[in-house]
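Throughout, protein chains are lettered first and strands after them, A, B, ... in sequence-line order, and every chain is numbered starting at 1.
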Amino acid sequence: MRIVFMGTPEFAVPSLEKLCGAGYDVVGVFTQPDRPRGRGKKLMPSPVKETAQKHGIPVFQPEKIRRDGVEDLKALQPDLCVTAAFGQILSQEILDIPRIGTVNVHASLLPRHRGSAPIAWAILQGDREIGVTTMMTDRGIDTGDMLLKKSIPLESTWTCGEATEVLSRLGAELLLETVKGLTDGTVTRIPQDEREMTYDPMLNKDMGEIDWEASPEEIRNRIHAMNPWPGCSVPYEGGRLKLLRARVGDTPGACGTVTVADPKKGLQIGCRGGSVEILQLQAPGGKPMQAKDFLRGHSLETGRKLSGDEGI
RNA sequence: CGCGGGGUAGAGCAGUUUGGUAGCUCGUCGGGCUCAUAACCCGGAGGUCGUGGGUUCAAGUCCCACCCCCGCAA
């Protein structure tokens, strides 16, 4: 079976690897064009491109596949297309090319969390379970019929980055099952219940703003959901102190004020109905570190307010 | 040449402007105190100050080059 894979970030890599490892004939890979990224503004290939090249698979990087990629895709004569966090919307013309159709790997339990940042939104909204769904891609955004679904409990310690890693592996397994089931006819298409669907917008920097009037759980969820991007931070000595990891604390105090700051006891900040303990943070110019390590070299006064422009 | 911050003991930092004995908090090791300790007291070990060169009587500090780490830009 001739498969064409479309994907871009790290999340899609295990799916591509699994297909190759299972012996499927991946005849081409579509991914986003190299973008200037990283320090020095160098042109960087996407993780999926690097993986494809490692396997010697031809790579196509149209700026807009529905405009510049149609002929290339037709020439590949795919039986099946697989998308995973590709980052481009497919036109009907594209969808009509593969004989069997196009399967998408989506990192949520559809119909909840349609959109491009499903994992972050699941964490942000306090979901107890997260998961992946494979589906037939159609012209809408994550609206197609579902094929297989797998869920796991969401650990309260997980950041979005960590959950993404776990789900990318789960998604790869599910994709393999789906492709198998699709070829031997054992999977069935299940329409999404539109009444239960939610569509979540892309993340932006403003979402890294912490409302200290929120509950400890809500604040922890936000910190974890925004890690690694866009990140939650508070003003600190002219820069920003990034808050990377947290848990519910045990030292209540006024919202947004430091209630504990000690190399041995850790760092806690008061919020509605309790406090949040900051476990891991990142100072300007520094690497991520444990909050207790940070406090060995920086002293924070208890009672200091860290909301607003003042910082800490 | 996109902009900026940084590299000093096991960890986190100060010291660099103005060159002159390597400091702080914590950890660690030994001793003491205590019913007890994330408590306290005493003592010790632990450092090529990122690398190479230069200036100087003298360089963590000034000059040049290089290496590495991090933030912003999605």
Span that lies between the [atom1] atom of [M] and that of [N], in whole angstrom:
N	M	atom1	value
B/U8	B/U48	P	12 Å
B/G43	B/A36	P	24 Å
B/C66	B/C3	P	15 Å
B/U25	B/U61	P	25 Å
B/G15	B/U34	C1'	38 Å
B/C29	B/C62	C1'	40 Å
B/G6	B/A14	C1'	14 Å
B/G46	B/C63	C1'	33 Å

Length of the [atom1]-[atom2] vector between [X] and [N], whole Å:
X	N	atom1	atom2	answer
A/K265	B/C26	NZ	C1'	14 Å
A/L279	B/G12	CG	P	17 Å
A/K264	B/G12	NZ	P	18 Å
A/L281	B/G12	CG	P	12 Å
A/H298	B/A14	NE2	P	6 Å
A/Y236	B/C70	OH	P	20 Å
A/M289	B/C26	CE	P	18 Å
A/L241	B/G12	CG	C1'	13 Å

Scan every strand shown for a Watson-Crick or G-U wobble partner of [N], both distances under 3.5 Å, and answer none if you come up empty.
N	answer
B/A38	none
B/C3	B/G71
B/G12	B/C24
B/C66	B/G50

message: Between A/D193 and A/R195, does any side-chain N to carboxylate O distance fall below 4.0 Å?
response: yes
field: Residues A/K150 and A/E177 bridged, charged N to O under 4.0 Å
entry: yes
- line: Nearest-nucleotide check on RNA chain B, A/L295 vs A/G285; residue mapping nearer the 5' end is A/G285
statement: Sorted by position of nearest nucleotide on RNA chain B, 5' first, the leading residue of A/P288 and A/P263 is A/P263
- prompt: Is a side-chain N or O of A/N227 found less than 3.5 angstrom from the main chain of A/L244, in a donor-acceptor match?
  reply: yes
- prompt: Hey, is the main chain of A/T137 close enough, under 3.5 Å, to the side chain of A/T102 for a donor-acceptor pair?
  reply: no
For A/F5, the option from A/V27, A/V26, A/T51 that meets side chain to side chain contact (heavy atoms under 4.5 Å, CB included): A/V26
Sugar-phosphate, base or nothing in reach of [X], heavy atoms under 4.0 Å:
X	result
A/K41	base
A/R39	base
A/R37	base
A/Q290	nothing

query: Do A/L267 and A/E277 have side-chain heavy atoms sitting under 4.5 Å apart?
result: no
- line: Side-chain contact check for A/D293: nearest option of B/C72, B/A11, B/C70 is B/A11
- prompt: Which of these nucleotides, B/A11, B/G71, B/C40, is closest to any side-chain atom of A/R296?
  reply: B/A11
query: Should the heavy atoms of other residues, nucleotides or ligands under 6.0 Å from CZ of A/R37 be counted, would the total exceed 12?
result: yes
Do the side-chain N or O atoms of [X] get closer than 4.0 angstrom to the phosphate oxygens (OP1, OP2) of [N]?
X	N	value
A/K287	B/G7	no
A/K292	B/U25	no
A/K242	B/C72	yes

